[in-house]
2 protein chains.
Amino acid sequence: MSKDTTTEAKIKEAAKRVFTNKGFSGCSSREIAKEAGMNVALVNYYFRSKEQLFNVVFHTVMDDFMLSMKDVFRMKQPLETKVRLFIEREYEFITKHPEIPGFIVSEMNRCEVGDSNKQFIMDEIAETGIFEEMHQAQITGEMRKIDLFSATLILMSNCHFPFIAKGLMQEIHHIDDEKYAQQLVLHKQYVIEMMIGYLFPAKK
Amino acid sequence: MSKDTTTEAKIKEAAKRVFTNKGFSGCSSREIAKEAGMNVALVNYYFRSKEQLFNVVFHTVMDDFMLSMKDVFRMKQPLETKVRLFIEREYEFITKHPEIPGFIVSEMNRCEVGDSNKQFIMDEIAETGIFEEMHQAQITGEMRKIDLFSATLILMSNCHFPFIAKGLMQEIHHIDDEKYAQQLVLHKQYVIEMMIGYLFPAKK
DNA sequence: ATCATTTTTAAACACTTGTTTAAATTTGTT
DNA sequence: AACAAATTTAAACAAGTGTTTAAAAATGAT
């Protein structure tokens with residue numbers, strides 16, 4: 001018996017679809033209930049409030065987002081390979097869920113996001129040992145001596161922005177969804193080349 | 001007599017402050033009126049609707065955003081210098097108006113944004129002649145042969161994302177506003193180095 | 001089958017929202 | 001000063017919002 005057919009699960013999945021596309025303020029409990037095919041009172045029955053439902057959804061989205069990232073970081077592979085794989089995985093995951101980076105980023109700028117949802121992201125990634133590896137690689141000279149903040153920001157900028165700014169980029173370049181997806185495949189190669197070339201200069 | 005003291009101007013400026021921080025759905029006409037110190041009915045009197053007011057504000061923000069960008073592109077300078085100056089100007093402008101890239105990007109993803117607000121951005125930038133310059137530079141080998149889409153996307157990713165993802169990055173790295181600003185100064189140097197190194201490889 | 005518990009339904013509630021209305025006030029024109 | 005036009009004010013309106021309530025229906029336990 002699949003758990004995804006329970007009322008609670010239906011509401012949660014519907015909420016995930018609606019919240020990730022429209023954000024917390026951009027949709028109503030009634031819209032979510034309609035999306036789930038349920039009565040609006042059930043939002044409060046199962047989740048106590050719209051806010052609580054949002055927190056549950058946000059937590060779930062973050063977990064999914066980080067899960068396969070952590071898998072890549074735990075691999076026994078050279079650091080440069082791991083970074084390449086990380087970028088590949090980001091593009092792959094987000095291509096399937098293009099609304100997620102924008103959702104996470106904008107809701108993280110909202111002060112109403114409950115503190116309990118501000119995951120201890122760094123701790124979870126640190127557990128994989130990736131930061132130690134980066135540190136060592138900088139000592140041996142394999143990796144450019146650049147602070148962790150900038151290293152992560154460079155990677156995230158080039159992996160997430162292309163999806164976050166889809167509307168704007170389509171307007172700028174007058175392209176439709178299909179063409180956009182094609183361009184991103186090519187774009188990924190360029191940014192891999194650029195970032196790897198910069199972060200691991202010794203290979204040049 | 002400064003035009004900025006008229007009722008219309010006061011409402012517009014207040015709306016700019018509120019819309020850029022909270023987006024269209026995240027605030028109400030009453031909130032904007034309160035911010036302006038005016039009665040809410042005046043929103044409709046002067047701008048006919050909340051939607052129209054938003055369109056006016058969006059148009060203004062886009063114009064400001066692009067104005068100095070175009071100034072840089074029109075300069076009589078070598079292309080590489082122009083690109084450097086462009087990046088400098090982006091960081092400078094957005095440091096003063098950190099809410100703007102996130103605002104533009106997220107509202108551009110909203111289907112409700114009026115088509116009249118989808119500026120013919122490309123045309124305006126093309127007028128500066130920058131794209132011809134880039135094309136020529138690719139022919140002469142000065143600039144990497146990379147399609148325009150990816151070139152613009154690389155530049156925008158590394159200039160805008162650091163501001164858009166402020167909340168997330170602060171959470172990841174446990175840093176406050178002041179420290180974040182400091183890190184961005186350093187980060188700018190890294191991304192200039194990376195992007196210029198990639199886009200203009202002949203200089204290596 | 002009976003009863004207890006849980007879930008669902010639909011309406012109600014109090015508040016918020018964008019907009020409209022009508023009257024009061026201010027400004028402009030002669 | 002008189003009148004017209006523009007602006008401002010405050011209330012009203014209709015619809016939407018998150019939440020609560022009470023009753024009906026479904027499910028679980030014996």
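Note that the coordinates shown come from a computational prediction; the quantities given were computed from them, not determined experimentally. Throughout, protein chains are lettered first and strands after them, A, B, ... in sequence-line order, and every chain is numbered starting at 1.
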Practice task
Please identify each residue that fulfils side-chain hydrogen bond (donor to acceptor under 3.5 Å, both in side chains) with B/K50, with sequence neighbours left out.
Solution key: none
Practice task
Using a 4.0 Å heavy-atom cut-off, write out nucleotides 8-20 of chain C from 5' to 3' as B (base contacted by protein), S (sugar-phosphate only) or - (no contact).
Solution key: BBB-B----BBBB
Problem - B/D123: partners by side-chain contact (heavy atoms from CB on, under 4.5 Å), with sequence neighbours left out - result: B/F120
Handout entry: Ion pair check, A/R84 and A/E88, cut-off under 4.0 Å
Key = no
Do any side-chain atoms of residues 31-45 of chain A form donor-acceptor pairs under 3.5 angstrom with protein atoms, and if so which ones, sequence neighbours left out?
unit_1, atom_1, unit_2, atom_2, d
A/E31, OE2, A/K22, NZ, 2.8
A/E35, OE2, A/R17, NE, 2.7
A/E35, OE2, A/R17, NH2, 3.1
A/N39, OD1, A/A41, N, 2.9
A/N44, ND2, A/R48, O, 3.4

Fill in the blank from the handout: Taken to the nearest whole Å, CD1/A/I32 to P/D/dG16 is 17 Å
Handout entry: Atom pair distance, as rounded to whole Å: NZ in A/K22 and P in D/dT17
Key = 10 Å
Exercise for the section: Please confirm whether A/R110 makes a cation-pi placement over A/F54, using NZ or CZ under 6.0 Å from the six-membered ring centre and within 45° of the ring normal. Expected result: yes
Exercise for the section: Give a yes or no answer on whether the side chain of A/K82 reaches the backbone of A/M75 with a donor-acceptor pair at less than 3.5 Å. Expected result: yes
Practice task
Measure from the side-chain N and O atoms of A/R144 to the backbone N and O of A/Y198, and report whether any donor-acceptor pair falls under 3.5 Å.
Solution key: yes
Look for any protein N or O under 3.5 Å of an N or O in nucleotides 26-28 of chain D and output each such pair with its distance, or none.
none

What side-chain donor-acceptor pairs closer than 3.5 Å can you find for residues 150-165 of chain B, not counting sequence neighbours?
unit_1, atom_1, unit_2, atom_2, d
B/S150, OG, A/H187, ND1, 3.0
B/T152, OG1, A/H173, NE2, 2.9
B/T152, OG1, B/L148, O, 2.9
B/T152, OG1, B/F149, O, 2.9
B/S157, OG, B/L153, O, 2.7
B/N158, OD1, A/N158, ND2, 3.0
B/N158, ND2, A/N158, OD1, 3.0
B/N158, ND2, B/I154, O, 2.9
B/H160, NE2, B/E90, OE1, 2.6

